Amino acid sequence: LAAVPFLRREAPAAPAILDIGSGGAMPGLPLAAALPAGRVVLVDSIAKKVRFMTVAGRAVTDALAAAGEPVPAVDALAARAEAIGHDPAFRGELDIVTARAVGRLAELVELGLPLLRPGGLLVCWKRDDGSGSLAAEIAEAGPIARDAGAGAVRVLADPEPAIPTHRLVRSEEHTSEL
């Protein structure tokens, strides 16, 4: 939930979120409840994980409804992110794309930016072990982001105290349709 304060400031009300490589529905489902989101799409290529996310999504939406809170539409999809990027139902349709523990930033920029509306945000959770590897990933992803119509790729915030080696990395707002 480290991204919630930033997303509350920067994202539109009731954003449409897609979480690449959701696995255990993290961070997509907690973000959907905390923001609140209008729609959240949890994507993972492993069907067993998608079955779990479907059940977890129902539990969260039922709990939100019972508490009188806004209820997002939650979809869990068994698909590869590469395929989602070519689907007209998703391409250019999302406000936020998230990824945690999925791959290198350059790959995430290539996968995530085509899914975003102009003004959309790509937010990734990355580990920074102090070796310079995160800085190298940011440098590698920067030209790809600019070529795709986004601004700089940069570290968003200081680490959460509970996980001092983790950082949030974002692309500047996506400004054009791909």
Side-chain angles (χ1 to χ4, degrees), residues 2-4 6-7 10-12 15-32 35 37-50 52-54 57 72-128 133-157 166-178:
V4 169
F6 164 73
L7 292 173
E10 300 293 327
I17 301 170
L18 184 135
D19 186 32
I20 296 171
S22 268
M26 300 291 257
L29 201 51
L31 288 176
L35 285 176
R39 175 183 184 205
V40 64
V41 181
L42 308 170
V43 177
D44 202 282
S45 62
I46 300 171
K48 182 168 107 173
K49 291 179 180 182
V50 172
F52 166 79
M53 291 188 300
T54 299
V74 177
D75 296 304
L77 300 177
R80 303 243 352 127
E82 297 87 346
I84 296 289
H86 296 289
D87 186 335
F90 297 104
R91 192 170 180 88
E93 296 296 322
L94 299 154
D95 299 303
I96 302 166
V97 172
T98 61
R100 183 187 66 84
V102 174
R104 294 188 57 80
L105 279 173
E107 179 184 11
L108 296 172
V109 164
E110 288 182 318
L111 293 171
L113 289 180
L115 301 170
L116 292 170
R117 292 184 174 119
L121 301 166
L122 173 65
V123 180
C124 305
W125 283 249
K126 295 300 289 181
R127 189 164 188 273
D128 184 4
S133 62
L134 180 57
E137 280 193 55
I138 290 170
E140 177 187 20
I144 297 166
R146 285 187 295 280
D147 289 348
V153 176
R154 64 183 176 89
V155 174
L156 175 67
H166 287 89
R167 304 286 185 271
L168 289 170
V169 178
R170 68 165 290 197
S171 71
E172 295 294 323
E173 285 78 5
H174 179 56
T175 57
S176 64
E177 291 192 32
L178 297 175

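These numbers were taken from a predicted model, which means no experiment stands behind them.
The minimum heavy-atom distance linking A78 with A47 is given by the pair CB-CA, 4.5 Å. Nearest heavy atoms, G23 versus F52: O-CD2, 4.4 Å. Scanning all heavy atoms of the two residues, the minimum distance from V43 to A79 falls at CG1-O, 3.4 Å. When all heavy atoms of P15 and A37 are compared, the closest pair comes out as O-CB, 3.4 Å. Among all heavy-atom pairs drawn from G21 and V102, the shortest one is CA-CG2, 4.1 Å. The two residues D44 and I46 have their closest heavy-atom pair at OD1-N, 3.0 Å.
Not counting sequence neighbours, the partners of D95 by the side chain to side chain donor-acceptor pair (under 3.5 Å) test are R117. The salt bridge (charged side-chain N to carboxylate O under 4.0 Å, His left out) check on E82 picks up R80, with sequence neighbours excluded. The side chain to side chain donor-acceptor pair (under 3.5 Å) check on K126 picks up E137, with sequence neighbours excluded. When the side chain to side chain contact (heavy atoms under 4.5 Å, CB included) test is applied to A81, the partners found at least two apart in sequence or on another chain are I20, L111. Residues passing the side chain to side chain contact (heavy atoms under 4.5 Å, CB included) test with A145 are V109, L113, A150, V153, sequence neighbours excluded. Residues forming a side chain to side chain contact (heavy atoms under 4.5 Å, CB included) with F90 (at least two apart in sequence, or on another chain): L18, R39, V41, L77, I84, D87, L115. Legend: residues meeting side chain to side chain contact (heavy atoms under 4.5 Å, CB included) with P143, ordered by chain and number and at least two apart, are R146. In this view, S45 satisfies the side chain to side chain donor-acceptor pair (under 3.5 Å) rule with no residue, not counting sequence neighbours.
When side chains are defined from C-beta on, M53 does not count as touching L29, because their heavy atoms never get closer than 4.5 Å. Between V4 and L31, some side-chain heavy-atom pair lies under the 4.5 Å cut-off.
Summarising the geometry, atom CG belonging to L122 is positioned 11.5 Å from atom CD belonging to E110; distances are rounded to the nearest 0.5 Å. From I144, atom CD1 reaches atom OG of S171 across 12.5 Å, with rounding to the nearest 0.5 Å.
Pairs engaging residues 96-109 under the side chain to side chain donor-acceptor pair (under 3.5 Å) rule: D19-T98, R104-E140 [sequence neighbours left out].
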- Query: Where do L108 and V169 land on the side-chain contact (heavy atoms from CB on, under 4.5 Å) test, with the steps shown first?
  - Reply: CA-CA 11 Å; L108 296 172; V169 178; over 6 Å; no

- Message: L105 vs L134, test: side-chain contact (heavy atoms from CB on, under 4.5 Å). Steps then yes/no.
- Response: CA-CA 9 Å; L105 279 173; L134 180 57; 4.2 Å; yes

